[in-house]
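Side chains are part of it too, since the values below use all heavy atoms of this structure and drop only hydrogens, waters and symmetry mates.
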Amino acid sequence: MTMPPPDLHTVELFGVPRLLAGARAAEAVGATLAELAADLARRVPALSGPVLDPASGWPNAGYAFVVGERFTRDPAHALPGDASILLVASVAGG
Amino acid sequence: MLGVHGRLLRIDLTTGESAAETLPPDATRLVLGGIGLASLLLLRECPPGADPLGPANPLIFAASPFIGTGITTASKIALAARSPQTGMIGDSLSSSYLAIALKRTGFDAIVIQGQAPEWSVLTIDGERTALRPAGALLGRDAGDAAVALRAELGPGFRAATIGPAGERLVRYAAVANDGRLAGRTGAGAVMGSKRLKGIVIRGDRLPHVADPGGVARIARSLAERSLGPATAKYRELGTAANLAFFNRMGVLPTRNFRSGAFNGAERIAGETLLLEHRADRHACAACTVGCEHHYRTRDGGPAIETRLEYETLFALGSLCSIDDPNVVLRAAARCDALGIDAISTGGTIAWAMECADRGVDLGVPGDDMPRFGDGAAVLQAIEAIGGRQGLGDLLAEGSRRAAAIVGQGSDAWAMHVKGLELPGYDPRKLETMALGLAVAARGACHNRSSAYEVDFSDRLEPASEMAARAQAAAEAEDRAAVLDSLTLCKFLRHAFDDLYAENADLLTRITGEPFSGDDLARSGERIANVKKRFNERQAWTRALDALPPRLLASDANAPSRIDRNWLERAIDAYYAARGWDAAGRIPPDRWTALGLPDAAPAGEA
Ligand code: SF4
C-alpha cells in the first residue's frame, strides 16, 4: 500500500477557482504555500492562467490563500500537516 | 471651481415653490460630493428632533464632481434624510442614470422639504419644477411606476420612485431607480411621508471640466483596469460568491444569528446559482464592470428573472433558514418591486420567526406565524410588510420597534445596531467588523464601515494592539466615505494602486484646483465627523454604539462570542483614534481643526 506524501494537502476552492476546476476541492503537495501553489497549478491545469501564474503557480493578483482562517499571500508560509487551506478571491466581502 | 455647479435647488412641496441657492464655496473641498455633500446639507437643514416622517425632515439628493465625466461606476446618486428607522443619519447610495440627469440640471444637490397637498410626482426639468398628481401610479410597484413615468414624459427623463411600501411608510422602504434601490435607512418612507410617488429629472447642462483630455485618458485606463483581476470575482460570480466562503469561515449569519454556518448553504451558494439559475449579467449606469447577475427561477411556477446580491441572498436565505433558491429569488424580486430594503426585511422576518420558535405572542394565530425554513411564510410576510397588513404592520416597523411593541423579552433577539438590521457578516469572528458595526453612524452597515476588509486580510494579527485595530476601523470607514462621496463603486477599490492619490489627481483635473491624497483622507475624516455630529444633535448617546446582546452572550450554536469588556475597550480606542472624548462626542476644537466651523448649524443641541 502506497502512503500519501506527508505534505499532501486538500485545498478547498471557492468562487472562480471552484468554477474553473469544476470541483469544490483539489489535492496538492507542498511544505510551503509556494510549493503547494506550484503543484496545484500542475494538477489542476484549468487554474493555471486565470487564477495561478502559469510560470510560478503563485496566485495572480485578486486571489489569495486562507490558511487556518487567516488570509495570506506569503509564499514562504509553512504548512503543517493538518493545515486547512482555501483558495479564494482576495477581495472578500461586498 | 469647475466640475461642479456650486448650486443647490430647494423645493418646498407644501407651497410648491422652488429656488436656486449657492452652495458653500468650500463644500467640494470639505466633503467632496455624494454622501459627503448630502450629509453636510442634512446637518445644516434638519432641525434637531425633527420627526423623520414629518415635513421638517428634508430629503436630499446629491451628485458628485465625478458624475458625467465618463469615469466608470461613478454614476451614483446619494440620498440623505433623518432615518425613520434609526432616528439617526439616514444615507444611501444607488447607481442610477438619475445621477447624471441631476448633474445636468445645473445643480449639485436638491433639498426637498415640506409635504405635498396630495400624492404627487415632482418634475425637475432643468431649472423648472412642477408637481403633478400621482394619480394611477399610486399602488404600483416601484419599477413599474418609473417605466410608466418615463413612457409618459419621454426617455430624456430619469425617475426615482417608491413602491407600495414607501406609500405605507414602511420604515425601511427604499427609493428605486433604474432597477437599483437606495435601500438602507428608509429614504422611501421619507419620500412617502412627503406624498411623493416619484421624482423625474431631466437636464442638459453638465459643468465644464478643467482637463477634459486628462480625465478622458484616466477614465479609459480605469475602464481597462476595471476588467482586470481586481474585479474578476464580481464579474464572474457577483457578490453571491461570498456565501459559500462565508459559510466555510463560520461568518454566514444563519437562523437569526443563532449560528454562523448554514446546512443548506451549498444550495443557495453563488457557484450553484450560476450553474443552475443563471439568466444574464447587467451593469449599472455608466459601469464597465457589470457585476449585476440575474437569475431565473426553476421551480415549475411562473418563471421570473431577477438580480440577486449577497446581502439579499443571506437575509432572505440563511438568516431565515431558507435553502430553496427559487424562494430566495422570488422574495428578492418582491422586495425590489414593493420597494423595501432586503436586509432589514430578512432581519425583521427572522426576528418574528424566532418569536414563533419561542412562543412569543405577536397577536396573530400560531398557524400564521412565520417559521424558520418556511419559504411560503417568507413570501407571505414580504407581501404583508409591503401592504402593512396583519402581522406585516408590526414587521414594517423593523425589528427594534417591533420588539419594543411586543415586549416579552424579544429585544434579546432583535439583531440591529441603532435600529438598522445587521448585514451578512457575523461579527463574532470578525473583530474589526464587530467594532465597525457598533460605532457606524447609520447603524449596522457593511458598506459604511468596510472594516471587514481588515479581517479578511493579513493586515492585523488576531492579538494586535487595540489602538491599531481601532485605527484600522476608522481608516476603513474614511475610505468608504471617500468612495461614497466621489460616488465611485466600492467594487472598483482594488483597481487603484493608491486610492487617495489617484482620485486626488482625477479631482484636480476635473475641478482645476489642487487636491492631494492627504486632502482626500482628510475629507473622509470630515465626513465621518459630519455624520457623527448629525447624530449628536439627534439625541445620540454612547449606549447606541453597541452590538445586539446575542453577539455578546455564550451560545453553544454560535461561532464564538464577543467579550463585552473587549468591545467597550475597542469603542474607547475608536473614539481616541477619532479624537473624540471619552463619551464619544466631538470636542469643539476637533470640529474646528477639521475646518468645519461653518457647517455647524446655529442652535445645535
Ligand atoms: S461594479 Fe457592479 S455594483 Fe458597481 S457600479 Fe458596476 S454593476 Fe453596479
Check whether Val51(A) gets within reach of chain B through its side chain, its backbone, both or neither, counting any heavy atom under 4.5 Å.
neither
Selection from Glu311(B), Glu309(B), Lys429(B), Arg459(B) maximising heavy-atom pairs under 4.5 Å formed with chain A
Lys429(B)
If I take atom CZ from residue Arg73(A) and atom OG from residue Ser457(B), how far apart are they, to the nearest 0.5 angstrom?
12.5 Å
Sort Val91(A) into side chain, backbone, both or neither according to what part of it lies under 4.5 angstrom from a heavy atom of chain B.
both
Kindly determine whether Leu237(B) and Val16(A) satisfy side chain to side chain contact (heavy atoms under 4.5 Å, CB included), including the steps that lead there.
CA-CA 7 Å; Leu237(B) 268 151; Val16(A) 173; 4.3 Å; yes
Crowding at CD, Glu266(B) (>12 non-hydrogen neighbours, <6.0 Å):
yes
Need one label for Arg24(A): side chain, backbone, both or neither, based on atoms under 4.5 Å from any heavy atom in chain B.
side chain
Any idea which of His446(B), Arg493(B), His494(B), Glu271(B) has the most non-hydrogen atom pairs under 4.5 angstrom with chain A?
Glu271(B)
What part of Leu243(B) is in contact with chain A, defined as an atom under 4.5 angstrom from a non-hydrogen atom: side chain, backbone, both or neither?
neither
Given that the side chain runs from C-beta out, which part of Leu460(B) has a heavy atom under 4.5 Å from chain A: side chain, backbone, both or neither?
backbone
At what distance, to the nearest 0.5 angstrom, does CD of Glu12(A) lie from CZ of Arg248(B)?
4.0 Å
Go through the atoms of Phe245(B) and report whether side chain, backbone, both or neither lie under 4.5 Å from a heavy atom of chain A.
both
Met249(B) side, atom CE; Phe71(A) side, atom CZ - distance, nearest 0.5 Å
5.5 Å
So, the part of Ala244(B) with a heavy atom under 4.5 Å from chain A: the answer is both
CG of Asp280(B): more than 12 outside heavy atoms within 6.0 angstrom?
yes
